[in-house]
Amino acid sequence: MNTPLLGPPSPADGLPSWQKPEKAAAWIFVAGLVGLGVYYWGKILPFLIDIVFNTVKLGIGLGVLFVLILLVTNKRIQTGLWYLGQRIFRTAASIFVNTDPIGIMEDYISNTEKEARNMDAEVGHIEGANELVKRKMAANTAQMKEYLALAASAQRQGEKDSADSYASRAAQLEDYNRRLQPMATTTANVSLVMRQILKAALRQIDNSKFKVNLLKDEYALVKRTSSGMRAAMNILRGDPDKKYFFDLATDRVAEDMAQQLGQIKQAMRYSQEFVKEMDIQNGVMSEKGQHLLDQYQKGEFSAIMNNEPPVPMTAATTRQATDDAYGKLLD
């Protein structure tokens with residue numbers, strides 16, 4: 001029976017592959033593995049989920065740690081964060097408080113104008129109260145005259161009680177007016193003083209407006225001039241922050257150049273030593289060659305080579321050498 005040297009025997013020479021016991025055992029083993037995988041999948045899956053989430057958390061933690069290291073070590077990032085925080089806090093403060101100097105002065109003038117309007121309204125109320133007091137006193141005076149006339153008429157007619165009653169009412173009105181007179185004088189004086197204060201305040205507000213407008217124009221001109229001069233000074237002496245990074249870059253380039261120059265000098269020393277050694281070797285070989293050439297020209301080449309005469313080779317010797325060579329190949 002011819003049996004191939006390589007590969008499994010042909011199924012045609014024996015039983016079919018599905019009837020062989022090793023094949024059935026292999027399928028049973030694979031089915032068992034699948035069943036175990038399905039059975040333990042519920043226990044393996046949480047473990048795999050924990051691995052994935054822990055890996056994600058580890059990546060996030062490493063990223064945060066990397067950012068913190070950058071914040072601690074990188075000067076550029078620290079400077080940028082400093083200016084960013086300063087800008088954020090300044091913007092937040094400007095929402096609640098006016099930080100512009102001109103704006104602060106304009107707010108003060110606006111508040112002063114508001115107080116002047118309130119004062120004008122109060123002066124109007126005081127003047128109205130004074131007018132009411134005057135009218136009340138005039139009405140009391142007229143009523144008092146009427147009561148006195150009635151008292152005189154009753155006295156002429158011999159009605160003493162009525163005359164006393166009208167006279168008493170006239171005396172009450174006179175006392176009433178006497179008590180109101182200081183209030184009328186006070187309200188008149190207060191209204192006059194407040195009017196004077198209001199006029200002075202309005203003049204001060206006008207002067208403040210003039211000063212603020214002048215300062216506003218001067219400040220705008222100074223800011224424009226300062227901006228131009230700042231640009232010129234940045235060219236002359238450089239921006240402090242950028243100058244700092246420029247100095248760092250300059251130092252880094254200088255260190256790098258010094259290191260490279262050191263490497264170049266070291267390489268030049270090695271190359272000089274190598275060239276010197278090669279020059280010495282070439283000199284020695286040149287001397288030997290010149291010596292050989294001189295001996296060759298004198299006819300002493302055979303003595304120089306000092307070669308032994310070749311050994312004659314026979315057929316047996318040749319065959320033995322060939323067998324030895326093949327034996328070394330097989331070894």
Side-chain angles (χ1 to χ4, degrees), residues 83-154 162-228 230:
Y83 284 118
L84 179 61
Q86 190 176 12
R87 179 63 62 84
I88 290 173
F89 285 116
R90 185 176 297 173
T91 303
S94 63
I95 296 175
F96 304 99
V97 180
N98 192 356
T99 58
D100 185 18
I102 302 297
I104 292 172
M105 289 186 288
E106 289 178 347
D107 289 341
Y108 174 75
I109 293 173
S110 178
N111 293 330
T112 306
E113 288 180 340
K114 183 178 179 181
E115 293 296 331
R117 288 192 295 268
N118 294 333
M119 185 177 178
D120 190 14
E122 294 296 330
V123 171
H125 295 160
I126 294 172
E127 290 179 347
N130 187 26
E131 186 66 25
L132 289 176
V133 170
K134 289 180 179 180
R135 290 183 180 181
K136 186 66 175 178
M137 291 177 64
N140 289 339
T141 301
Q143 187 68 37
M144 183 178 60
K145 291 178 179 180
E146 183 179 355
Y147 284 154
L148 290 175
L150 291 175
S153 176
S162 297
D164 292 340
S165 176
Y166 287 127
S168 177
R169 291 179 184 178
Q172 290 176 354
L173 291 176
E174 192 273 336
D175 185 63
Y176 193 102
N177 285 344
R178 185 173 55 83
R179 291 177 178 273
L180 285 180
Q181 185 61 43
M183 297 298 299
T185 304
T186 301
T187 53
N189 292 332
V190 169
S191 62
L192 180 61
V193 171
M194 291 185 69
R195 283 295 178 188
Q196 295 297 327
I197 295 173
L198 183 59
K199 289 180 182 180
L202 292 176
R203 284 196 299 268
Q204 184 179 0
I205 291 171
D206 291 336
N207 293 332
S208 299
K209 285 183 178 180
F210 174 77
K211 291 181 180 179
V212 169
N213 291 329
L214 179 60
L215 287 174
K216 188 175 182 181
D217 294 336
E218 290 178 349
Y219 188 59
L221 292 174
V222 170
K223 284 180 65 177
R224 293 178 184 176
T225 307
S226 176
S227 177
R230 190 181 300 113

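Because the structure is predicted, anything quoted here is derived from the model rather than measured. FYI, the numbering just counts along the sequence from 1.
Summarising the geometry, atom CG belonging to D206 is positioned 8.5 Å from atom OG belonging to S208; distances are rounded to the nearest 0.5 Å. We find the CE-CG distance between M194 and L192 to be 11.5 Å, quoted to the nearest 0.5 Å. Note that NZ of K209 and CG of L214 are 16.0 Å apart. Values are rounded to the nearest 0.5 Å. Once rounded to the nearest 0.5 Å, the distance linking CG of N177 with CG of L173 reads 7.0 Å. Rounded to the nearest 0.5 Å, atoms CG (D175) and CZ (R178) are 4.5 Å apart. Of the inter-residue distances, the one linking L202 atom CG with I197 atom CD1 reads 12.0 Å to the nearest 0.5 angstrom.
Looking at residues two or more places apart in sequence or on another chain, you find a side-chain contact (heavy atoms from CB on, under 4.5 Å) between S153 and R156, Q157. K114 is linked by a side-chain contact (heavy atoms from CB on, under 4.5 Å) to R117, N118, counting only residues two or more places apart in sequence or in another chain. K136 pairs by the side-chain contact (heavy atoms from CB on, under 4.5 Å) definition with N140, Y176, L180, not counting sequence neighbours. The side-chain contact (heavy atoms from CB on, under 4.5 Å) test applied to R203 returns K199, A200, not counting sequence neighbours.
The shortest heavy-atom contact between A154 and A163 is CB-N, 3.7 Å. Residue L198 comes nearest to A116 through the heavy atom pair CD1-O, 3.5 Å, listed as atom of the first residue, atom of the second, then distance. A184 and M137 get closest at one heavy-atom pair: CB-SD, 4.1 Å.
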Side chains of residues 122-133: which donor-acceptor pairs under 3.5 Å do they make with residues two or more places apart or in other chains?
unit_1 : atom_1 : unit_2 : atom_2 : d
E127   : OE1    : R195   : NH2    : 3.3
E127   : OE2    : R195   : NE     : 3.1
N130   : OD1    : T187   : OG1    : 3.0

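Counting only residues at least two apart or on different chains, no salt bridge (Lys or Arg N to Asp or Glu O under 4.0 Å) pair has a member in residues 139-154.
At least one side-chain heavy atom of R169 sits under 4.5 Å from a side-chain heavy atom of Y166.
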For the pair I109 and E106, evaluate side chain to side chain contact (heavy atoms under 4.5 Å, CB included) and give the outcome as yes or no after the intermediate values.
-> CA-CA 5 Å; I109 293 173; E106 289 178 347; 5.7 Å; no
